Amino acid sequence: MAREEYSLIPEELAYEEGFNIKTVWGALFVGFVMMPGAIYLGLVMGATLGGAAQWVTIILFVEVAKRAFVRLKPQEILILYWIAGGLVVLGGGFRMGLGAGLFGGPFGMMIWDQYFVNSPQAAGLAKYIPRWLTPEPGSEVFLTRSFLHREWLVPIAILVTCQILFVINRISLGYALFRVTSDVERLPFPMAPVYAGGAMALAETSGRREGWRWRVFSIGSIVGVIWGLAYIAVPTLSNIFLVKPVTLLPIPWIDFTPYLKAVLPAAPLAVVTDLWALLMGFVLPFWVVVGSFVGQIGRTLVVNPILYRNGVLRRWTPGMTYVPTVIANNLDFWISFSIGLGVVVASAGILSVVKAFRGRKAEGLRFVPPKARGDIRIGLAFAIWAASTLGFVALVHVLVPEFPLWIIAFFGFVFTPTISYITARMVGLTGSSAGVTFPFLRESMFYLSGYKGVAIWFAPVPMFNHGGLAEVFKQLELVRTKFVSYVKMAALSLGIMLVCSFLFWSLIWKLGPIPSAAYPYVHRVWPYFATMQAMWASSTLPGGASLIQGVIDPKIILTGLGVGGLTFSLFSALGLPISLFYGILAGAMTWMPTAVPSFIGGMLGRYYFLKKFGREKWRAYAPILLAGYACGLGLVGMVSVATTLIAKSISTVVF
């Protein structure tokens, strides 16, 4: 076949509007049909229903359009995709430090708050937690499990205000970062074609012209359906009829930690069971995958046993499973070590940015975007971002007036643009932002500020990372979608999300306590996040500093800084791939056990599929295959979750 047939995006595609009445109906469908499934799936297995909501919505509308003799354009499909994704995203967008992932809009944060304030980990903190966050422990609202109570009025008002400010803040800064990283630095954004290619594949079938994109997408969907039947359908549907659900595969990972206690002490070894991690290895840059594997496995199987035998890891005891082992090791060593590594990652990112700008300056920088794309002046984007940031600073100052104002302003006007820029570059270079952080900077500044109390730990401090949105604008550019379409979509999604999030979190909370045995993921993982949050919040109370002083060790921080700096210097001197360096550090700093399946995927992609199909074909196939898998898995998840919700709702009716 001709070479141009395997280009991911046809060059002749023109910029068009993607927001119209079709996308409005799509938003309503996702909000009122998909969101309850997203919430339930997140509670049960910690997985986002983003892929399900997005692809199910698109496929449904494509099929309806076919029968109405209407063709969906690629631009409309991509906007539909992000409408669906935006309506089931994480609920903790503007609350840094909320480690527990909750899907289904912002009211998920209130479910976390009601759990934390009543949890054993917060027993000594509960009386200090402000009432603008959550009602006091023991309140009747926790017995009735309802948001329809006057004690929730102030928390809900703050939540809605912050959500509006956050959306404005995110879009304005994300757009500005896209202009810099894509228009000026010309970064490749390797993951952007996943979504763009999926949109193009579905546009083909919408027009009754099924080409190679649709065939590859269908293969991925079949794989997703088969895996989803074992991974999602069996445990979810069996929970309807049995006291304990049947799981063919452990969720979310297979835990080998207790079996290694004699050979590899203090080694938290687990492997995630979602096939998504393996397929990600097909798409991500090869050296990033290899580096992540080396960093994560080296930390787990080599460094941890050595540290234990030398008396550094003291909290671990034989028999601990994966999560308790990770907590113990983090408190003894890895929190401090990650601070040092994080400084190296940030410094390396800043250095590469400076070099890139110097190179572009020598070539002659041009900031003139294509006229048809619908851009605004970059200065106006920064002004809108600054105004929304000022709103956050003022709100936090009103809520916690005794906390130093300059620290809040620092996070909003200095930290946020810096970390967002570094992240945008990492995503643009490697497709992943893993490890892009200044670990525990927020916690350290709160602790060292001299503030006494806990309210600041729960305040909406404007400490954000909007770098990932640069990739979204890159997708819009690839599919030739006018940027104003995304802005309209965000405004519509915000209104629908607030209404549907309130409605469905209220209904699901009414069905039973959250967390509980009915929701295995949060029942297993939330205690970890509650432990960490309680530890940090206690540090600014009288007598709470002793725990932090035992966790934050300056010597270990300097060791991490030295090891990271030496590794970076060595890679630079030897001319090794810088993506390998980022991958190693990201693997060493993350606690989710994804490295092994991603490494297997990377090796299969490079040494089998690349040779079988050729470089050009495989690079075009891999992103669409991954998008198809997300669709197939989502279809199974959606059907399973809908069946479970209906069954549980019927079972609660009293006749």
Side-chain angles (χ1 to χ4, degrees), residues 28-50 52-53 56 84 86-93 98 100-119 134-135 139-149 152 155-156 159-160 163 232-233 235-241 243 245 251-252 496-526 529-530 634 637-654:
L28 293 172
F29 173 79
V30 174
F32 286 94
V33 178
M34 297 291 181
M35 186 175 286
I39 294 171
Y40 190 83
L41 196 64
L43 293 172
V44 170
M45 51 189 53
T48 174
L49 198 61
V56 170
L87 286 170
V88 295
V89 292
L90 282 167
L98 184 65
L102 282 169
F103 304 94
F107 281 88
M109 286 188 292
M110 290 191 168
I111 297 295
W112 165 261
D113 292 335
Q114 64 83 27
Y115 159 72
F116 180 74
V117 76
N118 291 288
S119 67
T134 179
S139 172
E140 64 176 296
V141 300
F142 300 126
L143 299 177
T144 59
R145 297 195 300 274
S146 174
F147 289 127
L148 298 175
H149 194 281
W152 284 113
I156 290 175
L159 181 86
V160 172
Q163 195 67 38
I232 298 176
T236 304
L237 297 179
S238 64
N239 194 37
I240 300 173
F241 310 103
V243 175
I251 301 171
I496 296 176
M497 178 175 62
L498 289 171
V499 173
C500 294
S501 180
F502 173 82
L503 175 63
F504 292 117
W505 271 113
S506 298
L507 292 174
I508 292 177
W509 192 23
K510 271 289 186 183
L511 293 177
I514 302 174
S516 65
Y519 308 113
Y521 178 81
V522 296
H523 190 63
R524 188 175 184 180
V525 172
W526 275 14
F529 295 112
M638 196 62 234
V639 172
S640 303
V641 169
T643 305
T644 301
L645 285 175
I646 293 171
K648 289 201 170 188
S649 298
I650 294 173
S651 68
T652 61
V653 176
V654 178

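Heavy atoms only: backbone and side chains are in, while hydrogens, waters and symmetry mates are out. Since we're looking at a predicted model, the values are computed, not measured.
- Considering only heavy atoms from C-beta on, T134 stays 4.5 Å or farther from F116 through its side chain.
- Shown here for S501 and P106, the closest heavy-atom pair between the two residues is OG-N, 3.6 Å.
- Residue L498 comes nearest to F107 through the heavy atom pair O-CE1, 3.6 Å, listed as atom of the first residue, atom of the second, then distance.
- Across all their heavy atoms, S146 and W509 have their closest contact at N-CZ3, 3.5 Å.
- Using a 4.5 Å cut-off on side-chain heavy atoms (C-beta onward), M110 and W505 make no contact.
- In plain terms, the two heavy atoms of Q163 and M497 that are nearest each other are NE2-CE, 3.6 Å.
- Checked by atom type and distance alone, the side chain of Q114 pairs as donor or acceptor with a backbone atom of I514 at under 3.5 Å.
- In this structure, W152 and L159 have side chains that are not in contact, with every pair of non-hydrogen atoms separated by 4.5 Å or more.
- Scanning all heavy atoms of the two residues, the minimum distance from G31 to F504 falls at O-CE1, 3.3 Å.
- The two residues F147 and S506 have their closest heavy-atom pair at CD1-OG, 3.2 Å.
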Full working for ring pair (Phe, Tyr, Trp, His ring centres under 6.0 Å) between F529 and W526: CA-CA 5 Å; F529 295 112; W526 275 14; 8.7 Å; no

